[in-house]
Amino acid sequence: MALVTSTEMFKKAYNGGYAIGAFNVNNMEIVQGITEAAAECKSPLILQASAGARKYANSIYLVKLVEAAVELHPEIPIVLHLDHGADFATCKDCIDGGFTSVMIDYSSHSFEENIAETKKVVEYAHAHGVVVEAELGSLAGIEDDVKVSAENSSYTRPEEVEEFVSRTGCDSLAIAIGTSHGAYKFKPGTNPKLRMDILDEVSKRLPGFPIVLHGSSSVPQEYVKIINENGGALKDAIGVPEDQLREAARRAVCKINIDSDLRLGMTAGIRQHFVQHPDHFDPRQYIADGRTNIKDIVRHKIIDVLGSDNKI
Ligand code: G3H
Ligand code: 13P
Ligand code: ZN
């Protein structure tokens, strides 16, 4: 099977009350860990690359790595998606370079500017058989070098979504309901709660339309502990409770973005390896431990959070 778009995946996920995991990739071992878990679980998969990933690895390497994953695992459908495309030019570059899905993230611009740029991307993407995710509302946290403070983040306004989707023609919509990027999403001692009422209001206005959740890492405390016990210093790292993500997946959310949890898994594996084997200096030994953790984390997400196992 060649790379696919998310159209069919989202239709089935919406009707089946589950979500597809969209996992960020930056190097070969991350692609391998994620894809092996998805193949074992018989789960559809979205592999996504941010601007930072494309700069770090070079977009051509990432495309070729994902194409290798597709060749090795023809039994599962795989989407290659641009995460947080900053403008039309970035989206066009990815569409021309073999991506099957792009996100145009103009959510920090005005409503009208967001519509205009998204529409431009949709026209070009659809003419090339590529689908488009857009965003309304803004999440707190860090993406590349852009840091949005909690005060400057804003929930999606449900009264805007119908006009936005009908005027842009986008294929899916990322909304802000209380998640945020990075490993420090909530203050210790608080009771994290996603705004399911906003999600429900949005989906009432857009029946059958796929909704996307960014900033959906849960920051597994077992990996934070391993990092801190092996020389790390992550203080008060807190993520989104998994039961709330499962609940969102049962509703209209069809795509759930996870990156920070993979970073924690990779870091925990490598830190632990260094402490346990101070004599090792072959990167294949310690990076493999990071890759094993990524595979374990993705397997757990697919089965216990997303519910996308055995769906192909
Ligand atoms: O949305 C943020 C993702 O975790 C990507 O992060 O921009 O540092 O690659 P990055
Ligand atoms: P996390 O930082 O919660 O993993 O979010 C990743 C994300 O939204 C990528 O677009
Ligand atoms: Zn994101």
Side-chain angles (χ1 to χ4, degrees), residues 2-11 13-14 20 22-25 46-55 58-60 62-63 66 77-139 143-146 148 154 156-157 160-176 181 202 205-206 208-215 252-257 259:
L3 278 171
V4 298
T5 72
S6 46
T7 309
E8 279 308 305
M9 274 183 201
F10 286 169
K11 223 177 269 171
Y14 196 101
I20 313 296
F23 300 99
N24 286 71
V25 297
I46 299 172
L47 295 173
Q48 58 187 12
S50 68
R54 296 176 74 235
K55 192 166 146 199
N58 185 315
S59 195
I60 296 178
L62 291 178
V63 172
V66 171
I78 301 179
V79 173
L80 174 55
H81 174 76
L82 167 66
D83 191 26
H84 293 287
D87 48 27
F88 174 78
T90 312
C91 293
K92 180 180 182 302
D93 196 49
C94 289
I95 293 163
D96 295 345
F99 285 57
T100 51
S101 173
V102 292
M103 175 189 193
I104 171 70
D105 182 359
Y106 238 55
S107 57
S108 58
H109 296 70
S110 73
F111 185 66
E112 286 300 327
E113 286 166 340
N114 193 354
I115 288 182
E117 194 76 358
T118 302
K119 195 165 182 284
K120 197 169 153 193
V121 172
V122 167
E123 277 163 13
Y124 189 79
H126 285 182
H128 292 78
V130 169
V131 292
V132 179
E133 172 186 328
E135 179 168 323
L136 264 183
S138 69
L139 276 68
E143 296 155 21
D144 281 325
D145 300 328
V146 184
V148 180
S154 57
T156 301
R157 293 154 52 90
E160 291 182 345
V161 299
E162 290 146 292
E163 182 183 351
F164 184 84
V165 168
S166 70
R167 283 178 63 193
T168 61
C170 66
D171 302 283
S172 61
L173 185 67
I175 63 168
H181 292 106
V202 166
R205 289 162 184 264
L206 296 173
F209 194 79
I211 301 301
V212 178
L213 272 196
H214 282 248
V253 170
C254 294
K255 173 173 179 274
I256 291 190
N257 284 14
D259 185 6

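Quick note: residue numbers are just sequence positions, from 1.
Checked by atom type and distance alone, the side chain of Asn114 pairs as donor or acceptor with a backbone atom of Glu135 at under 3.5 Å. Proximity of a side-chain donor or acceptor of Thr100 to a complementary backbone N or O of Leu80 within less than 3.5 Å is detected. Between the side chain of Thr156 and the backbone N or O of Leu136 there is at least one donor-acceptor pair closer than 3.5 Å. Without hydrogens or angle criteria, Ser110 side chain to Glu113 main chain gives a donor-acceptor distance under 3.5 Å. A side-chain donor-acceptor contact under 3.5 Å links Tyr14 to the backbone of Gly208.
The structure places CG of Leu206 at 11.5 Å from OG of Ser172, a figure rounded to the nearest 0.5 Å. Put simply, OG1 on Thr168 and CD on Glu117 are 12.5 Å apart, with the number rounded to the nearest 0.5 Å. Here OH of Tyr106 is found 15.5 Å from NE2 of His84. Values are rounded to the nearest 0.5 Å. Taking NZ from Lys92 and NE2 from His128, the interatomic distance works out to 7.0 Å, rounded to the nearest 0.5 Å.
Counting heavy atoms from C-beta outward, Lys119 and Arg167 have side chains that stay 4.5 Å or more apart. At least one side-chain heavy atom of Val165 sits less than 4.5 Å from a side-chain heavy atom of Cys170. Two residues are said to be in side-chain contact when any heavy atoms from C-beta on lie closer than 4.5 Å; Phe99 and Val66 fail this criterion. With a 4.5 Å cut-off on side-chain heavy atoms, Asn257 and His181 do not count as touching. In this structure, Val161 and Phe209 have side chains that are not in contact, with every pair of non-hydrogen atoms separated by 4.5 Å or more. In this structure, Gln48 and Asn24 have side chains that are in contact, with non-hydrogen atoms separated by less than 4.5 Å. In this structure, Ile175 and Val212 have side chains that are not in contact, with every pair of non-hydrogen atoms separated by 4.5 Å or more. Put simply, the side chain of Ser101 does not reach to within 4.5 Å of the side chain of Thr5, judged on heavy atoms.
A donor-acceptor contact closer than 3.5 angstrom links the side chains of His81 and Glu133. A side-chain donor-acceptor contact under 3.5 Å links Asp171 and His126.
Annotation for Val102 and Cys91: closest pair CG1-O, 4.0 Å, computed over non-hydrogen atoms. Minimum heavy-atom separation, Ala176 to Gly137: CB-C, 4.1 Å. Across every non-hydrogen atom of Met9 and Pro77, the tightest pair is CE-O, 3.4 Å. Scanning all heavy atoms of the two residues, the minimum distance from Thr118 to Ala134 falls at CG2-CB, 3.6 Å. Closest approach of Ala22 to Lys255, counting heavy atoms only: CB-CE, 3.5 Å. Taking all atoms of both residues into account, the shortest heavy-atom contact from Val132 to Ile104 is CG1-CG2, 3.8 Å.
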**Request:** Dump the intermediate steps for side chain to side chain donor-acceptor pair (under 3.5 Å) on Thr90 and Asp93, then the final yes or no.
**Result:** CA-CA 5 Å; Thr90 312; Asp93 196 49; over 6 Å; no
**Message:** Determine whether Ile46 and Phe10 satisfy the following criterion, side-chain contact (heavy atoms from CB on, under 4.5 Å), listing intermediate values before the conclusion.
**Reply:** CA-CA 11 Å; Ile46 299 172; Phe10 286 169; 3.9 Å; yes
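Within a 6.0 Å sphere centred on CZ of Arg157, heavy atoms belonging to other residues, nucleotides or ligands number 12 at most.
Classification of the Tyr124-Phe88 ring pair by plane angle, with boundaries at 30° and 60°, yields perpendicular.
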